Enquirer: 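Here's a structure for you.
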Amino acid sequence: MIRILFLMFIALPGSYGRYEPNWKSLDTRPLPQWYDEAKLGIFIHWGVFSVPSYSSEWFWSQWANNNEEVVSYMKENYPPNFTYQEFAKDFKAEFFNASEWAEIFQQSGARYIVLTSKHHEGYTLWPSKYSYSWNSVDIGPRRDIVGELAEAVRRRNITFGLYHSLFEWFHPIYLSDKASNWTKKEFVTNKIIPEMRELIQTYEPAVLWSDGDWEAPDSYWNSTEFLAWLYNDSPVKDSIVTNDRWGIDIPCKHGDFFSCQDRYNPGTLQLHKWENAMTIDKQSWGFRRNAKLSDYYSTLELISQLVSTVSCGGNLLMNVGPTKEGILAPIFQQRLKELGDWLVINGEAIYGSKPWSTQNDSLDSSVWYTASKDDNVVYAISLHWPSENILTLGSTQDIFRYTDTVIYLLGNEEDGVLNWSVEDNGAVAIEFPTKSITKSDGAYVLKIVVNGSISVGQI
Ligand SMILES: *[C@@H]1O[C@H](CO)[C@@H](O)[C@H](O)[C@H]1NC(C)=O
Ligand SMILES: *[C@@H]1O[C@H](CO)[C@@H](O)[C@H](O)[C@H]1NC(C)=O
Ligand SMILES: *[C@@H]1O[C@H](CO)[C@@H](O)[C@H](O)[C@H]1NC(C)=O
Ligand SMILES: *[C@@H]1O[C@H](CO)[C@@H](O)[C@H](O)[C@H]1NC(C)=O
Ligand SMILES: *[C@@H]1O[C@H](CO)[C@@H](O)[C@H](O)[C@H]1NC(C)=O
Ligand SMILES: *[C@@H]1O[C@H](CO)[C@@H](O)[C@H](O)[C@H]1NC(C)=O
Ligand SMILES: *[C@@H]1O[C@H](CO)[C@@H](O)[C@H](O)[C@H]1NC(C)=O
Ligand SMILES: *[C@@H]1O[C@H](CO)[C@@H](O)[C@H](O)[C@H]1NC(C)=O
């Protein structure tokens, strides 16, 4: 307790209780608690790239950079002078129903969502004053997508977050700043900062997931000045969390949570809160009409990502790409539903959990651990049903020194305690019941209740 109070004290911002526009000061901000407890979010990549829905959301850039597949797709299917901008009128979103999406997200067990308010193509999913004629009200759906989704997910008690790309591949002012070796800041001054403030003030997201930072230094993006405003004076100053993509050399070093690289999942306990942003379609964030069944992760693979991520102190941000019509393809719906069904039974090992002192087991690396906040439960999550119903663990000696330790299997319809014994080599053998009486599928959670204190990991 004394140690916790001390940490809270040093985590307070500097003089006058305000953050200063430098990383040293910004890094002292405590992580808003909701984020660590949430553990699972849904990422949504949607935009004009969802019209070709071919190759990936980088379609425009790939086309301009002579990617062979994309160039020949355009040659074979569109007139010679067709421009990327012309795709926008076919982004109709005619079946988009935000409350249906919100219901699907709720059933997945996700506690927050992050929508691409603007990807690298520059098209905004809200009627931005700073994106004239290149936003979802002026052309395409003729609807405020950000506003509709914010309202619908909040009605379902899901936290609303937004992704925002700093750079825009082909924005002439950005390209001119770039040509000046970032000595000019026209794009940041007249577009990016006002646009981000508009986004924050209008929709009050609880996540700002920054991206597209990597060509320029954070000083060009005015990142620390913007974040100081966000943390001191914005309407979301207490709830907002941001990632780390704020300029060259910033990722994995500064930010409320680290997203490092796409699909970051280090497999070991991290000292700073982090997030594994990954895709259900292994190849693309945007929808692909020609994706094959084998391109989608199975539900068990997704559970495995969730479990290993949470065990190591991360959150999982799992991406879906809606179609241009505004549909979440049934394959995505099915994966989300099955993950949600698993969480209904096993969620107590995930939500609000803490990392334990060990992450995966020394004898069985497909068993991952989490711990309860109140220090007396360890969850052992096995990604397989043990052969002959006996699971042998190598990392739990410490908790089985208490002879009154009690083990339950979540979803066990008989609800009883499991027998366990310590073997000569110190390994612990746990007897599972017969498989037919457990409601869980694919991955199985042992709730190990200790009559004594367990040592938890950091974060
Ligand atoms: C394509 O654009 C070029 C130059 O603007 C023009 O000369 C040509 O006629 C156009 N072709 C078609 C098929 O519209
Ligand atoms: C959206 O979906 C909900 C739930 O299915 C339904 O009640 C509502 O009428 C739909 N809204 C529109 C505009 O279709
Ligand atoms: C909303 O969700 C949070 C967890 O994210 C939960 O603690 C809270 O009880 C929920 N509130 C309602 C009204 O369902
Ligand atoms: C751009 O600016 C950086 C930092 O000021 C400098 O190191 C680099 O040499 C410059 N590059 C060019 C091409 O001028
Ligand atoms: C960017 O930061 C500088 C100070 O470092 C400040 O003078 C300028 O007004 C900021 N620009 C914007 C658009 O906030
Ligand atoms: C699991 O644990 C072993 C050590 O017991 C370690 O070598 C391995 O990297 C860990 N992580 C994964 C992802 O298996
Ligand atoms: C535990 O072991 C005892 C004695 O061997 C046995 O009677 C009992 O059925 C076992 N319980 C379970 C849940 O396997
Ligand atoms: C927990 O341990 C204490 C001291 O060892 C003992 O008195 C108590 O009965 C135990 N409680 C349970 C529920 O086993």
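Model, not experiment: these values are computed from the prediction. One is the number of the first residue; the rest follow in order along the sequence. Numbering of ligands and ligand atoms starts at 1, following listing order.
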Enquirer: Before giving the answer on salt bridge (Lys or Arg N to Asp or Glu O under 4.0 Å), spell out for Asp256 and Arg29 the whole-Å C-alpha distance, their side-chain angles and the decisive distance to 0.1 Å.
Expert: CA-CA 8 Å; Asp256 294 320; Arg29 181 176 188 251; 3.1 Å; yes
Enquirer: Exactly which residues line ligand 5, taking a heavy atom under 4.0 Å from it as the test?
Expert: Thr189, Ile193, Asn222, Glu225
Enquirer: Centroid-to-centroid, Tyr296 to Phe332, below 6.0 Å?
Expert: yes
Enquirer: What about the rings of Tyr379 and Trp356, do their centers lie closer together than 6.0 Å?
Expert: no
Enquirer: Are Lys237 and Asp233 close enough for a salt bridge, meaning some N to O gap below 4.0 Å?
Expert: no
Enquirer: Do the ring centers of Trp60 and Phe49 come within less than 6.0 Å of each other?
Expert: no
Enquirer: Sort and list the pairs that fulfil ring pair (Phe, Tyr, Trp, His ring centres under 6.0 Å) and have at least one residue in residues 232-255, not counting sequence neighbours.
Expert: Trp23-His254
Enquirer: Excluding sequence neighbours, so at least two apart, what forms ring pair (Phe, Tyr, Trp, His ring centres under 6.0 Å) with Phe187?
Expert: His171, Tyr174
Enquirer: With heavy atoms only and a cut-off of under 4.0 Å, state how Leu418 meets ligand 7: side chain, backbone, both or neither.
Expert: neither
Enquirer: Under 4.0 Å from any heavy atom of Val417, which atoms of ligand 7 are there?
Expert: 13 (C)
Enquirer: What pairs with Trp46 under ring pair (Phe, Tyr, Trp, His ring centres under 6.0 Å), at least two apart in sequence or on another chain?
Expert: Phe91, Phe96, Trp101
Enquirer: List every atom of ligand 2 that sits less than 4.0 Å from any heavy atom of Ser99, numbering the atoms from 1 in the order shown and giving each element.
Expert: 1 (C), 2 (O), 3 (C)
Enquirer: Give the numbers and elements of all ligand 2 atoms closer than 4.0 Å to a heavy atom of Glu100.
Expert: 2 (O), 5 (O)
